[in-house]
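Reading through the structure tokens given below for one structure.
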Amino acid sequence: QVQLVESGGGLVQAGGSLRLSCAVSIDSGFYYLGWFRLAPGREREFVAAMRWSGETYYEDSVRDRFTIFRGASQNTLHLQMNFLKLEDAAIYFCAAQTTAIGTYNDVRHYDYWGRGTQVTVSS
């Protein structure tokens, strides 16, 4: 059984920071845990991911601003977002890929999703 619950979204000014959290409950292991986002008029897109071995991956536009990491208890996945831009505004989803299907950045390869948390960036 897999359960993912996001939190930490909110309103922040451009240039500010926000930390998202995802409470992760997975009976079996995972191959990737990831963050995706959905903005109005756009398709759900990859933001960042962590492989089971600890390797991390980022979408180019967030690479130097966002950090994905797991909490000390290993039951929480975080996304630290710094220097937020207007274009970062979206609903952010936590996702898990529990089988060795494919790549870390393909939304189709993730088989479990949280409900999302809204991030709003103001000018």
Side-chain angles (χ1 to χ4, degrees):
Q1 186 173 358
V2 178
Q3 189 172 20
L4 306 169
V5 180
E6 303 93 339
S7 62
L11 173 64
V12 63
Q13 276 192 318
S17 298
L18 208 57
R19 178 177 293 184
L20 305 183
S21 298
C22 176
V24 179
S25 176
I26 301 179
D27 290 347
S28 60
F30 66 90
Y31 281 85
Y32 295 107
L33 293 176
W35 287 97
F36 290 78
R37 65 188 179 188
L38 179 64
R42 299 175 66 94
E43 295 186 352
R44 193 173 301 199
E45 64 179 14
F46 168 74
V47 177
M50 175 177 286
R51 194 167 179 257
W52 62 269
S53 55
E55 295 163 324
T56 57
Y57 310 88
Y58 297 93
E59 193 272 328
D60 287 345
S61 70
V62 309
R63 185 179 308 280
D64 296 326
R65 301 184 294 121
F66 292 8
T67 303
I68 185 172
F69 63 99
R70 296 179 74 184
S73 68
Q74 300 292 298
N75 293 329
T76 306
L77 181 72
H78 299 286
L79 183 69
Q80 177 66 41
M81 305 186 295
N82 298 327
F83 305 108
L84 281 160
K85 302 177 180 180
L86 295 176
E87 53 263 40
D88 293 321
I91 301 173
Y92 282 71
F93 298 89
C94 176
Q97 186 178 141
T98 60
T99 58
I101 297 175
T103 62
Y104 58 83
N105 59 350
D106 192 330
V107 64
R108 298 170 299 176
H109 295 167
Y110 283 77
D111 41 353
Y112 293 97
W113 293 82
R115 292 189 174 187
T117 185
Q118 178 73 52
V119 172
T120 303
V121 183
S122 65
S123 59

Taking all heavy atoms of Glu6 and all of Gly116, pick out the closest pair and write down the distance.
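It is OE1-N, 2.9 Å.
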
Cys94 versus Leu4, closest heavy-atom pair with distance
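Looks like O-CD1, 3.7 Å.
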
So [Y] and [X], do their side chains get closer than 4.5 Å, heavy atoms only?
X: Val119; Y: Met81; result: yes
X: Met50; Y: Phe30; result: no
X: Glu59; Y: Glu45; result: no
X: Ser17; Y: Gln80; result: yes
X: Leu33; Y: Ile26; result: yes
X: Leu84; Y: Phe66; result: yes
X: Val24; Y: Asn75; result: no

With side-chain contact (heavy atoms from CB on, under 4.5 Å) as the criterion, how do Trp35 and Leu77 come out once you've worked through the C-alpha distance, each side chain's angles and the decisive distance to 0.1 Å?
CA-CA 9 Å; Trp35 287 97; Leu77 181 72; 3.5 Å; yes

When hydrophobic residues are tied together by side-chain contacts of less than 4.5 Å, even through go-betweens, does Val12 share a cluster with Leu86?
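Yes, because Val12 and Leu86 connect within a single hydrophobic cluster, where side-chain heavy atoms sit under 4.5 Å apart.
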
Leu79, Trp52: one ILVMFWY side-chain cluster at the under-4.5 Å cut-off?
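Yes, it is one cluster - the side chains of Leu79 and Trp52 are joined through contacts under 4.5 Å.
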
Look up atom [atom1] in [X] and atom [atom2] in [Y], then write down how far apart they are to the nearest 0.5 Å.
X: Arg19; Y: Ser7; atom1: CZ; atom2: OG; result: 11.0 Å
X: Thr56; Y: Ile68; atom1: OG1; atom2: CD1; result: 7.5 Å
X: Ser53; Y: Tyr31; atom1: OG; atom2: OH; result: 11.5 Å
X: Thr103; Y: Gln97; atom1: OG1; atom2: CD; result: 7.0 Å
X: Leu18; Y: Leu11; atom1: CG; atom2: CG; result: 9.0 Å

Counting heavy atoms not belonging to [X], are there more than 12 under 6.0 Å from its [atom1]?
X: Phe69; atom1: CZ; result: yes
X: Glu43; atom1: CD; result: no
X: Glu55; atom1: CD; result: yes

Salt bridge (Lys or Arg N to Asp or Glu O under 4.0 Å) evaluation trace for Arg63 with Asp60
CA-CA 5 Å; Arg63 185 179 308 280; Asp60 287 345; 2.7 Å; yes

Do any pairs count as a ring pair (Phe, Tyr, Trp, His ring centres under 6.0 Å) and have a residue in residues 103-123, sequence neighbours left out, and if so which ones?
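Output for this query lists Phe36-Tyr110, Phe36-Trp113, Phe46-Tyr104, Tyr57-Tyr104.
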
Sequence neighbours excluded, which residues qualify as side-chain contact (heavy atoms from CB on, under 4.5 Å) partners of Ala90?
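side-chain contact (heavy atoms from CB on, under 4.5 Å) check on Ala90 returns Arg37, Ala39, Tyr92.
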
Show every side chain to side chain donor-acceptor pair (under 3.5 Å) that has at least one partner inside residues 114-123, sequence neighbours left out.
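Checked against side chain to side chain donor-acceptor pair (under 3.5 Å) - neighbours excluded - no pair reaches residues 114-123.
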
